[in-house]
Amino acid sequence: MNYYVNRSTGTTDDFAGSGGKTDAPAAQMDDPAGTAFRHAPTAMLVADRAGAVLLVNQAFTTLLGYSPTEVAGRHWPELFETDDHGRAWEQHSRALRGSAPGQWPDLAIRTARGRSHRTVVQARPLPSTAAADEVAGVVVQLSAVSRDEETLRIVTELRLREADTALWSLDLTSGRLSELFGPSPLGRMLAGEACTLEECLARVHRDDVARLRDALETSYQGRDYEQRFRMFDQVGDERWLYARGAYVGGERPRLVGVVDDMTEHVELVRRLADRRRIEAAQGRQVNELAAKLVSATTVEEVTDLLGREFLPIFGGDSAHVMLLDQDELRLHSTRTANVERWLEEHDHRDVSYPTGAVLQDRQPRFFESRSELLGRFPAVEGTLRRTGSHSWAFVPVFGDAKVTLGVWVVAWTQPHHATPDERALMLTLAGLAGQALQRVNRQRAELELADAVQKRMLPPQPPDFPELDVAVRYLPSRAGWRVCGDFYDAIRLPGSRIGLVVGDVQGHGVEAAAAMGQIRMAFRAYASNQSDPGTVLAETNRLLTETGEIVFATCGYLVIDVDLGQIQAAWAGQPPVVLATGSGYEVWSPETGPPVGVDSEAKYPVSSRSLPPGSTLLMCSDGLVESSEVNMDDGLAAVGRELDAKAADVHQAATALARLTPAGRSDDIAILVARVR
């Protein structure tokens, strides 16, 4: 016996009976299936092909508070929140076609009291009683979202609300592209109402479309996805995106992944490069002494310039610098023998002393005689008894915004009259010194940031390959506090192939560290989709040249086919590969192209050779084998002998090479040692 909701009365009628009312107990005995439907613990409804509600069960009315009369004849997708109408109608259409989605959606339905309730919607076809191959309508089951799923959804939506990130799913059968957990701010900005892959590709930069299509083709073979590309958003602005996706098989295979907006990162790198170019142009316009200040890298260099090298210009006998350190004025020692220590006694911030007065009003003080100084600042009487100087200049060291950083004191043992030109020059040099000090502090902060960026972007340990032992070492330079862009990586490739990368980005600081991360990321993306090493290197080169950064890198990319015992290499100016067997070593120099980032049209030939059984290979940056004192041939010979002695254990070999460093430690060093098991 089948039941439906009478659209005019809301009562339950009998399809199979005479049309009159039936006795409830008898109906339950005669129709156990109908009874089971009415009393099922899950909310359910039956709708016709047009979507009009025919029948609901008690769990439905309990969950939503609607009586059968209130929903009779209403289109069931319209019971959901307005934003979910389209997805509910899509489920209705799927059910009529007899196709089920890979994952049932969770939609927000509105209760009789106006509250929103999230449910998992499962719509299935209702066969016709007249013909088994016809569909009379749909049966819809509404399951409550589990607490864990609801918590995950809420946390994810909160995380995506303010983040430049979107979660996406691509149906590889239909090409339909959708967002998990509903539209995100990034998704609305990029795709708007677009819901197919082709609609989204229409907004991708034309130079990136072919590469994206090639990468997607590999996804149909069951591979994961990783690409970096440019796309125009709804208002026409270009955005840099980084998309990653994992392949999910099944009846309807799909890619599920994350897309991040990298535009701010790319723009930051460009701004940093622009700033460096501006500073370099300004440095060419200053005189020799100002150039020394500009090139100063430490506070000690700046104070030494003020306290020693500038002194002969003014014929002074001694000079020293006092700088503010957390509201305290501290003396910075110089190599001048006769230094007057104005802060041995008394409060140096006190305006009763010349240093305190200069700090207060940022005005210089010049005194031609002891009497003149004593008449203006009587508190210095005790100091004058311990000094042989007769004339002084107290000049404020100030920064870009006229912020006083300290005081520069120049003294003469004979009476000295500072001319207007001398005074103007002192003020100019003190201003340049203040700017240099501010720049040193900014550079220190940048180096700290670059160091953090480098550590985050450089893998601490290579992946664990069952068929290959890999050991890596990274040694920062000891020639000053510098952060460079040396990098290494080991990448699992399809089949029995493993890719090894070592490179060296030109320059130091944030740009080098950021470019290193960019190149390494590009290598991983291209290597996962390209089997030819030369193509991977060429694509990475093209990406780097298109960013507009004035930065280039030498690098070597080597692919080991473990099953075939062969290696292929594409080279861009890196040192050669060293191969050792325990009974000798050899240096293999693959054919090389130019460094990446120099010529966008550069091609990189592929060199191949066999890998002798039991061989241990070394890839390294030039800091290990070459310096101003050591030529590369001698450096390669030294590391070859050491590698051969430790060839059986890659970790011992890497440690030994890190200790050896035949070229010294004037540059960063990246070491990668590998051996087939």
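Bear in mind the structure is a predicted one, so any value in this text is a computation, not a measurement.
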Show every donor-acceptor pair shorter than 3.5 Å between a side-chain atom in residues 631-642 and any protein atom, with sequence neighbours excluded, or say none if there are none.
unit_1: Asn631; atom_1: OD1; unit_2: Asp633; atom_2: N; d: 3.2
unit_1: Asn631; atom_1: OD1; unit_2: Asp634; atom_2: N; d: 2.8
unit_1: Asn631; atom_1: ND2; unit_2: Asp634; atom_2: OD2; d: 3.0
unit_1: Glu642; atom_1: OE2; unit_2: Lys646; atom_2: NZ; d: 3.3

Sequence neighbours excluded and cut-off under 3.5 Å, please list the side-chain donor-acceptor pairs for residues 210-218, or say none.
unit_1: Arg211; atom_1: NH1; unit_2: Gln227; atom_2: OE1; d: 2.6
unit_1: Arg211; atom_1: NH1; unit_2: Arg228; atom_2: O; d: 2.9
unit_1: Arg211; atom_1: NH2; unit_2: Asp208; atom_2: OD1; d: 2.9
unit_1: Arg211; atom_1: NH2; unit_2: Arg228; atom_2: O; d: 3.2
unit_1: Arg213; atom_1: NH1; unit_2: Glu198; atom_2: OE2; d: 3.1
unit_1: Arg213; atom_1: NH2; unit_2: Glu198; atom_2: OE1; d: 2.9
unit_1: Thr218; atom_1: OG1; unit_2: Ala215; atom_2: O; d: 2.5
unit_1: Thr218; atom_1: OG1; unit_2: Asn529; atom_2: OD1; d: 3.0

Throw together a table of side-chain donor-acceptor distances under 3.5 angstrom for residues 594-603, partners on residues two or more places apart or in other chains.
unit_1: Asp599; atom_1: OD1; unit_2: Glu601; atom_2: N; d: 3.1

Listed pairs under 3.5 Å, donor-acceptor, residues 557-577 side chains, sequence neighbours left out:
unit_1: Asp561; atom_1: OD1; unit_2: Ser496; atom_2: OG; d: 3.0
unit_1: Asp561; atom_1: OD1; unit_2: Asp563; atom_2: N; d: 3.3
unit_1: Asp561; atom_1: OD1; unit_2: Leu564; atom_2: N; d: 3.2
unit_1: Asp563; atom_1: OD2; unit_2: Ser496; atom_2: OG; d: 3.1
unit_1: Trp571; atom_1: NE1; unit_2: Gln574; atom_2: O; d: 3.0
unit_1: Trp571; atom_1: NE1; unit_2: Pro575; atom_2: O; d: 3.1
unit_1: Gln574; atom_1: OE1; unit_2: Thr554; atom_2: OG1; d: 2.7
unit_1: Gln574; atom_1: NE2; unit_2: Cys620; atom_2: O; d: 3.1

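Here Arg270 does not pair with Glu267 in a salt bridge; the nearest charged N to carboxylate O distance is not below 4.0 Å.
Residues that satisfy the side chain to side chain contact (heavy atoms under 4.5 Å, CB included) test with Val248, not counting sequence neighbours, are Arg254, Val256. In terms of the salt bridge (charged side-chain N to carboxylate O under 4.0 Å, His left out) criterion, residue partners of Asp260 (sequence neighbours excluded) are, by chain and number, Arg244. Under the side-chain hydrogen bond (donor to acceptor under 3.5 Å, both in side chains) criterion, Thr540 pairs with no residue at all, not counting sequence neighbours. Partners of Asp261 under the salt bridge (charged side-chain N to carboxylate O under 4.0 Å, His left out) rule, at least two apart in sequence or in another chain, are Arg239. Applying the side chain to side chain contact (heavy atoms under 4.5 Å, CB included) rule to Ser607 yields the partners Trp588, Pro590, Glu591; only residues at least two apart in sequence or on another chain are considered.
Note on residues 466-475: pairs passing salt bridge (Lys or Arg N to Asp or Glu O under 4.0 Å), not counting sequence neighbours, are Glu467-Arg492, Asp469-Arg677. Applying the salt bridge (Lys or Arg N to Asp or Glu O under 4.0 Å) definition to pairs two or more places apart or across chains, those involving residues 607-632 are Glu586-Arg609. The list of salt bridge (Lys or Arg N to Asp or Glu O under 4.0 Å) pairs with a residue in residues 165-176, not counting sequence neighbours, reads Glu90-Arg176, Asp171-Arg252.
Side chain of Ser621 to main chain of Gly503: no donor-acceptor pair is present (N/O by atom type, distance under 3.5 Å, no hydrogens or angles).
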